[in-house]
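Notes follow the structure.
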Amino acid sequence: MRPEDVPVLGLLTQSMNFHNQRQRVIAENVANANTPGYVAQDLDEGEFQRNLREQMQARSAPRSSRGSAAVPALTSPTRQWQTKDAPDSETTVNGNTVVLEEQMMRANENRMEYESALSLYQKSLSMIRTAIRQAGR
């Protein structure tokens, strides 16, 4: 059994993957802060939230007459999320839409969300280990 087979761990893995990919997009924006005509990018967080909500609703669906739920597989934890144009509040004369202060705020918010998911993942694994040890006695 893989950790992703446990529903909460699968969802947390997806969340960490999303935030990892988002950090890369933000870093690319910062790297292109002086590139003429560059439009800041971001991942569609709304799509990510909808995807998680759909999976949680599917997992809480009523069970069939055989007692097992028809639960769809989680979206691949390594899914590549699509980027979209996400210009910041200002555009420079050369057409660049990256505002470093706004990108740093996004990066910090993203880091906190990643660390929250990581902390929950680690605590969940710890609880599973404790349960396994207790059951083995």
Side-chain angles (χ1 to χ4, degrees):
M1 177 181 234
R2 299 172 308 153
E4 292 79 25
D5 293 337
V6 177
V8 70
L9 296 180
L11 293 172
L12 290 169
T13 299
Q14 279 186 313
S15 179
M16 289 185 293
N17 177 53
F18 174 83
H19 292 295
N20 181 42
Q21 288 181 38
R22 187 169 188 226
Q23 194 68 25
R24 287 184 183 158
V25 171
I26 293 168
E28 188 173 313
N29 289 342
V30 171
N32 286 290
N34 293 320
T35 303
Y38 182 81
V39 177
Q41 301 287 302
D42 204 350
L43 300 185
D44 188 351
E45 196 160 2
E47 177 190 359
F48 172 69
Q49 296 297 334
R50 280 189 300 280
N51 183 275
L52 288 183
R53 192 171 30 255
E54 287 170 4
Q55 289 181 26
M56 288 188 298
Q57 288 172 348
R59 289 194 173 278
S60 65
R63 300 202 177 268
S64 69
S65 59
R66 292 186 205 160
S68 62
V71 178
L74 288 172
T75 299
S76 169
T78 58
R79 173 182 173 174
Q80 294 297 309
W81 298 92
Q82 296 296 316
T83 59
K84 64 176 184 161
D85 288 351
D88 289 337
S89 61
E90 299 174 17
T91 302
T92 60
V93 176
N94 68 6
N96 188 295
T97 66
V98 176
V99 176
L100 289 176
E101 292 82 4
E102 291 180 32
Q103 293 298 314
M104 292 300 105
M105 287 176 34
R106 281 185 193 171
N108 191 44
E109 173 187 302
N110 189 60
R111 179 189 57 82
M112 289 188 303
E113 290 175 6
Y114 179 89
E115 288 176 355
S116 294
L118 178 60
S119 177
L120 287 170
Y121 187 91
Q122 290 171 331
K123 289 178 191 234
S124 296
L125 279 179
S126 177
M127 288 181 4
I128 291 170
R129 285 186 195 114
T130 300
I132 290 171
R133 275 189 238 122
Q134 294 299 323
R137 289 185 179 184

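Quantities reported herein were computed from a predicted structural model and do not represent experimental measurements. Position 1 is the first residue of the sequence; numbering continues from there.
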Taking salt bridge (Lys or Arg N to Asp or Glu O under 4.0 Å) as the test, write out the residues that go with Asp42, two or more places apart.
Arg22, Arg106
Gap separating the CZ atom of Arg50 from the CZ atom of Arg53, nearest 0.5 angstrom
7.5 Å
Expected output: side-chain Asp44 to main-chain Gly46 donor-acceptor under 3.5 Å
yes
Main chain of Asn32, side chain of Asn96: is a donor-acceptor contact present, judged purely on distance under 3.5 Å?
yes
Using modelled atom types only, decide if a donor and an acceptor are shared between the side chain of Ser119 and the backbone of Glu115 within a distance under 3.5 Å.
no
Can you name the nearest heavy-atom pair linking Val8 to Ser124, along with the distance?
CG1-OG, 4.3 Å
Hphob cluster co-occupancy, Leu52 + Trp81, side-chain heavy atoms under 4.5 angstrom
yes
Crowded around Asn108 CG? As in, over 12 foreign heavy atoms under 6.0 Å?
yes
Between atom NZ of Lys123 and atom OG1 of Thr130, what is the distance when rounded to the nearest 0.5 Å?
12.5 Å
If we count only N and O atoms by modelled type, under 3.5 Å, do the side chains of Gln21 and Asn17 hold a donor and an acceptor together?
yes
Distance-only donor-acceptor check, side chains Tyr38 and Asn29, under 3.5 Å:
yes
For the CZ atom of Arg111 and the CG atom of Leu118, what is their distance to the nearest 0.5 Å?
12.0 Å
So does Leu9 get a backbone contact from the side chain of Thr13, meaning a donor-acceptor N/O pair under 3.5 Å?
yes
Spell out, yes or no, whether Val99 and Met104 are grouped together once hydrophobic residues are joined by side-chain heavy atoms under 4.5 Å, including indirect joins.
no
Please determine whether side-chain hydrogen bond (donor to acceptor under 3.5 Å, both in side chains) holds for the pair Asn51 and Glu47, giving the CA-CA distance in whole Å, both sets of side-chain angles, and the decisive distance to 0.1 Å.
CA-CA 6 Å; Asn51 183 275; Glu47 177 190 359; over 6 Å; no
Tell me, do Gln41 and Asp85 make a side-chain contact under 4.5 Å, heavy atoms counted?
yes
Would you check if the side chain of Ser15 reaches a backbone N or O of Leu11 as a donor-acceptor pair within less than 3.5 Å?
no
Distance from Ser116 atom OG to Met112 atom CE, nearest 0.5 Å?
8.0 Å
Identify the two heavy atoms, one from Val98 and one from Ala40, that lie closest to each other, and give their separation to 0.1 Å.
CG2-CB, 4.0 Å
Step by step, work out the side-chain contact (heavy atoms from CB on, under 4.5 Å) result for Asn20 and Met16.
CA-CA 6 Å; Asn20 181 42; Met16 289 185 293; over 6 Å; no
Quick one: salt bridge (Lys or Arg N to Asp or Glu O under 4.0 Å) partners of Glu28, sequence neighbours excluded?
none
Plane angle bin for Phe48 and His19 - parallel if under 30°, tilted between 30 and 60°, otherwise perpendicular:
perpendicular
With a sphere of 6.0 Å drawn around CE of Met105, does it hold more than 12 non-hydrogen atoms of other residues, nucleotides or ligands?
no
